[in-house]
Amino acid sequence: MISNLKAPCGHSPLRHSFSLTMPLLLFWVISLLIQSAQASTDHSKATVQTKTPESLTVGVVADNEPYSSIEGRTAKGFSVDVLNKLGKTLGIRFDYRVGSWPDIYAAFRRGDLDIIDEISWREDRAKNILFTSAYHLRQTVVMQNCVQPLPTVKTLDQLKPYRVGIMRDIYYRDYLVEQGINVIEYDLLPNLVQALAFGWVDTIIGPEITLKYMARREGFFQLEVNTLAPLKGMEIEDFRLGTLKDKPELFKKLQAGLQSLPAGWLQELNERWMQYDGQSTLRQEPIQLTRKQQDYLDRLPPLRVGLMRDYAPFSFSDNGKVQGLSVDILYRLQDLTGVEFIPVVDQWSNLFQLFKRGELDLIANISDMPERRAFTRFTQPYHRIPNVAFTRNANFRLNKASDLSGLRIAVGHGVFYEAAVRKLFPDQVISYTEQASMFKALMENQVDLVLAALPNGNHWIRELGMTDVWIAGELRLPGLIGEDLRLGLQPELQPLTEILDQALDDISQIEKRAIENRWLGAKATSGNETRVILSQKEQDLLDHWDYTITYCVHPDRYPLENKNRENRHDGMSASLLTILQQKLDNLRFEFLPTGSWQDSLTAIKNGDCVMTPMVVPSQGLQQNLLFSNSWYNASNVILGTLGSPFIDSINDLSDKRIGIGRDSNLQPILQQRYPQLKLIPVDSTLSGIQQVREHKLYGFIGGLAETSHLLQQESLGDIRVLGRLPVDSNFSTAVHHQYPQLLTLMNKLLSSLSSAELDQIENNWLSIKLEQKTDYTRLWQLAAAFSLLFLALFYWNRKLGSLNQQLQKANEQLAHLSVTDQLTDLGNRNYLSQTFEAYMARCHRDNQVVAVAMIDADHFKRINDNYGHDAGDRCLQALAQQMRTQFNQSDDHLIRFGGEEFIILTSDSCTERLEARLQTLRLAIADHPILQQQRPLHITVSIGAMAGPVGDSEQLDLWLKEADHALYQAKNNGRNQLVIYDRAALV
């Protein structure tokens with residue numbers, strides 16, 4: 001073992017030699033290692049330099065949306081996207097240094113940055129800086145509030161009477177002051193925009209795209225561009241890249257890279273950021289659902305959605321129809337998911353309590369708050385709005401919450417910030433259940449200030465004609481900044497919440513802008529029509545066509561559009577083009593008549609006409625057409641005979657033959673979404689309705705406007721609307737795919753339309769007077785048959801005298817049975833027909849007001865399906881008994897009209913008492929459940945009625961038709977409702 005070896009005494013020569021050479025050897029090895037490491041390091045550096053792209057520092061402005069901004073640690077915006085594209089083209093990695101313009105510019109001049117972005121050429125700067133060619137031009141404009149518009153500004157002298165807002169120390173500030181303009185300076189662009197929205201200045205001057213972007217982002221849709229600022233050449237701002245003069249090679253590289261960027265890409269990027277916040281302009285694919293999600297949707301029944309009736313322009317009731325931005329969003333979600341939504345319209349406080357009790361499935365226009373999360377599942381926001389203070393004190397400014405001290409403050413009852421405001425000012429807050437009441441109180445000096453959402457407040461100020469109301473500022477409380485509008489769902493609908501979020505993401509930016517512009521866009525006023533400014537390409541195209549645009553239409557879709565007997569264009573789309581012609585000097589639309597819709601599509605494909613004004617975008621048309629923003633939303637309905645029950649869901653039509661137009665865009669959508677439907681293509685709407693009357697089809701699917709017109713025109717009183725289809729039609733204009741410039745022009749023209757103009761188009765063609773014709777042929781046939789029967793009975797009565805008494809009794813029983821419903825012992829249709837004319841004559845003589853009420857049991861099919869038809873019969877008998885209890889006067893006539901539908905024919909000296917009696921009946925039915933197997937079965941009814949004075953000659957069909965329309969509206973409002981039409985208003 002080595003441990004046993006022993007060296008001899010004294011120094012070993014070998015050991016002495018090793019001790020001398022060891023340090024030298026170690027030194028030599030270390031030297032080799034250091035050299036190797038250095039070589040390795042040098043090689044590594046060389047390798048990195050060949051593989052890593054060149055890195056350059058670029059200065060960008062942090063607060064210049066939508067061009068450049070910072071989100072977290074990431075720079076984004078139009079200019080940043082240009083730099084990213086340029087970096088990929090040149091193989092350069094840009095390191096963004098983000099800050100304010102003064103900081104960035106100072107760092108660039110010191111040499112701390114390689115490149116500066118968004119810099120404009122100026123002669124004094126050109127001494128030290130090399131400028132690339134401009135990749136973007138930004139216009140400086142005069143912006144106005146369309147609530148108080150200015151005349152078109154052509155010279156600065158026109159601005160002298162006004163307060164003009166500008167950015168502090170902006171380059172044209174001294175020029176404006178020299179011209180005698182009363183300028184008010186602001187430190188930040190958002191503050192500048194806010195000042196115009198709140199009326200603190202009369203107009204502002206600034207960069208067009210940025211002002212429009214910030215106005216839209218903050219919800220100030222009443223702000224619009226008046227004109228290009230008259231600044232003698234200073235109104236155009238150029239965006240370039242700059243390098244210091246000591247970097248000429250870098251400058252050449254950047255210049256070459258910018259020139260290589262495709263012009264079409266830059267134009268598309270510009271539109272994406274300036275119009276749609278950087279998002280894609282079009283939805284690329286339909287909503288993608290998993291099999292589990294689709295199965296879940298297929299099992300969902302129609303859902304009741306609470307919508308405020310006085311929250312304009314988001315949701316409000318107008319002539320019995322609920323409409324607004326939130327309603328349009330809801331219908332788009334319905335189209336995308338197939339879920340059927342039933343609107344329930346009421347005040348917010350009532351809706352909120354119904355939702356908390358679980359009597360509503362969803363509620364709209366709700367904000368996410370911690371205390372609501374226990375009983376609500378929220379979708380993502382579909383809109384954000386500022387809440388502001390309205391006051392009659394022009395000098396009052398709301399900068400902080402304490403500024404409200406000592407004031408009488410009006411708030412909406414139950415609004416999300418009510419508790420927070422009341423906590424700060426417990427003795428000052430007055431809550432109101434209706435928006436209009438708050439502003440009336442302000443007008444009558446009952447309160448000092450109203451807190452409300454900006455669009456709602458502006459709406460009521462216009463409605464009430466208030467001219468001395470000012471906006472003091474935005475309400476900002478800790479944790480409560482602004483307001484987001486969402487859909488709230490019951491917790492058990494959590495899977496639907498996720499699906500609706502997907503659908504909200506799937507609504508394209510173009511659709512969102514179209515909806516926002518419809519309800520929140522600038523309202524044109526007389527003498528201040530929105531101007532359409534053409535690009536050079538649009539100008540060239542119109543010059544080539546001599547300002548004449550040839551178009552085709554669907555020739556048989558009245559009142560939407562058609563070709564009349566004189567081969568002229570009629571309908572809503574004709575009115576649209578007439579208004580659009582007035583938006584642009586010398587513009588003319590020339591109609592090319594065709595024989596069918598297919599002929600029109602062929603004419604567009606062949607270039608004989610270049611556009612069509614009213615079409616629903618579909619995949620089948622995308623090959624040859626480009627579609628504009630939507631300008632009109634139309635409901636689709638299912639028609640059936642009077643004896644057919646209302647449908648709760650489109651699934652109720654499973655395995656039934658349903659007609660649909662051959663050229664309807666709905667057919668492929670319905671076939672994909674509801675494969676169980678038996679859709680039968682028909683040649684025309686009239687053909688489909690006639691086949692329903694002949695019972696060859698159970699129902700027909702068509703547009704509400706077209707079918708209503710035909711029912712009136714052809715006097716088809718035996719056909720009615722059975723339900724609303726859960727798919728609307730959003731009409732756009734469409735142009736030949738070779739003319740994208742025409743598409744941008746049409747979008748500009750459509751965007752210039754005011755809400756009043758769109759309403760005028762709809763009212764002109766859809767407000768149609770009812771005319772009723774009576775066919776006496778069937779009446780004479782029945783009369784002849786009864787005459788023969790009477791003669792026969794009389795003969796046999798004389799001949800068989802011994803059987804006279806028996807025959808008389810049998811005739812009485814037969815007469816009773818012929819006019820009596822056997823199940824409920826109420827009158828039947830024959831009884832109504834026999835009673836109506838004499839009853840009306842008597843009421844006319846006695847100067848009585850008559851009501852014809854149509855009553856329908858809600859969700860009656862579910863009762864039959866869940867409990868059996870015997871239970872259904874007992875429910876009908878119970879309903880009949882309640883009708884007898886509430887309508888037991890001698891002049892009350894009760895009829896079972898068919899199925900679960902009943903008719904009440906009644907009269908009184910005033911309409912109010914008739915309404916009160918019908919309401920009492922509705923409430924009594926809802927409050928008295930029916931026992932079924934010892935369990936209470938709750939049932940409700942919807943009631944539609946026409947009431948009013950009686951004329952000399954009345955027609956039953958007309959009264960029934962209007963009562964049926966009212967009943968449909970009651971169903972559409974959420975069921976368990978009473979809707980009464982005033983006959984005096986219809987005559």
| query | Passes side chain to side chain contact (heavy atoms under 4.5 Å, CB included), Leu745 versus Leu542? Steps please. | reply | CA-CA 10 Å; Leu745 172 61; Leu542 290 180; 3.9 Å; yes
Would [X] and [Y] count as having a side-chain donor-acceptor pair, cut-off 3.5 Å?
X      : Y      : value
Tyr632 : Glu762 : yes
Ser573 : Glu561 : yes
Thr578 : Gln582 : no
Ser326 : Tyr382 : yes
Ser575 : Trp765 : yes
Thr744 : Glu538 : yes
Thr594 : Ser600 : yes
Ser79  : Tyr135 : yes
Asp506 : Gln502 : no

| task | Report, as yes or no, whether the 6.0 Å neighbourhood of atom CZ on Arg662 holds more than 12 heavy atoms from other residues, nucleotides or ligands. | result | yes
Nearest non-hydrogen partners of [X] and [Y], listed with the distance:
X      : Y      : result
Lys537 : Gln741 : CB-CG, 3.9 Å
Leu258 : Leu86  : N-CD1, 3.6 Å
Pro613 : Trp631 : O-NE1, 3.2 Å
Leu576 : Ile761 : CA-CD1, 3.8 Å
Val735 : Met746 : CG1-CG, 4.2 Å
Thr548 : Glu590 : CG2-CB, 3.8 Å

| Once the angle between the rings of His136 and Tyr67 is folded into 0 to 90°, is it parallel (under 30°), tilted (30 to 60°) or perpendicular (over 60°)? | tilted
| In terms of ring plane angle, is the pair Phe314 and His383 parallel, tilted or perpendicular, where the classes change at 30° and 60°? | tilted
Can you find a pair of side-chain heavy atoms, one from [X] and one from [Y], that are under 4.5 Å apart?
X      : Y      : answer
Lys85  : Leu266 : no
Thr210 : Pro66  : yes
Ile549 : Leu742 : yes
Arg588 : Gln581 : yes
Val682 : Leu697 : yes
Leu580 : Leu753 : yes
Gln667 : Pro681 : yes
Arg240 : Glu118 : no

| request: Kindly determine whether Asp556 and Lys563 satisfy salt bridge (charged side-chain N to carboxylate O under 4.0 Å, His left out), including the steps that lead there. | output: CA-CA 7 Å; Asp556 187 22; Lys563 178 186 70 174; over 6 Å; no
| So, His569 versus Phe589, ring centres under 6.0 angstrom or not? | no
| message | Between Asp599 and Ser596, does the side-chain hydrogen bond (donor to acceptor under 3.5 Å, both in side chains) criterion hold? Intermediate values first, please. | response | CA-CA 5 Å; Asp599 291 344; Ser596 67; 3.3 Å; yes
| said: Keeping Gln690 on the side-chain end and Ser687 on the backbone end, is there a donor-acceptor pair under 3.5 Å? | reply: no
| task | For Thr612 and Cys552, indicate whether the former's side chain and the latter's backbone hold a donor-acceptor pair under 3.5 Å. | result | yes
| request: State whether Glu224 and Lys212 are salt-bridged, where the test is any N-O pair (Lys NZ or Arg NE/NH1/NH2 against Asp/Glu carboxylate O) under 4.0 Å. | output: no
| query | Leu336 and Arg332: side chain to side chain contact (heavy atoms under 4.5 Å, CB included), yes or no, with the steps? | reply | CA-CA 6 Å; Leu336 291 169; Arg332 284 300 295 130; 3.9 Å; yes
| message | I'd like to know whether Thr89 forms a side chain to side chain contact (heavy atoms under 4.5 Å, CB included) with Ser260, so could you lay out the CA-CA distance, the side-chain angles of the two residues, the decisive distance to 0.1 Å, and finally the verdict. | response | CA-CA 8 Å; Thr89 302; Ser260 69; 3.6 Å; yes
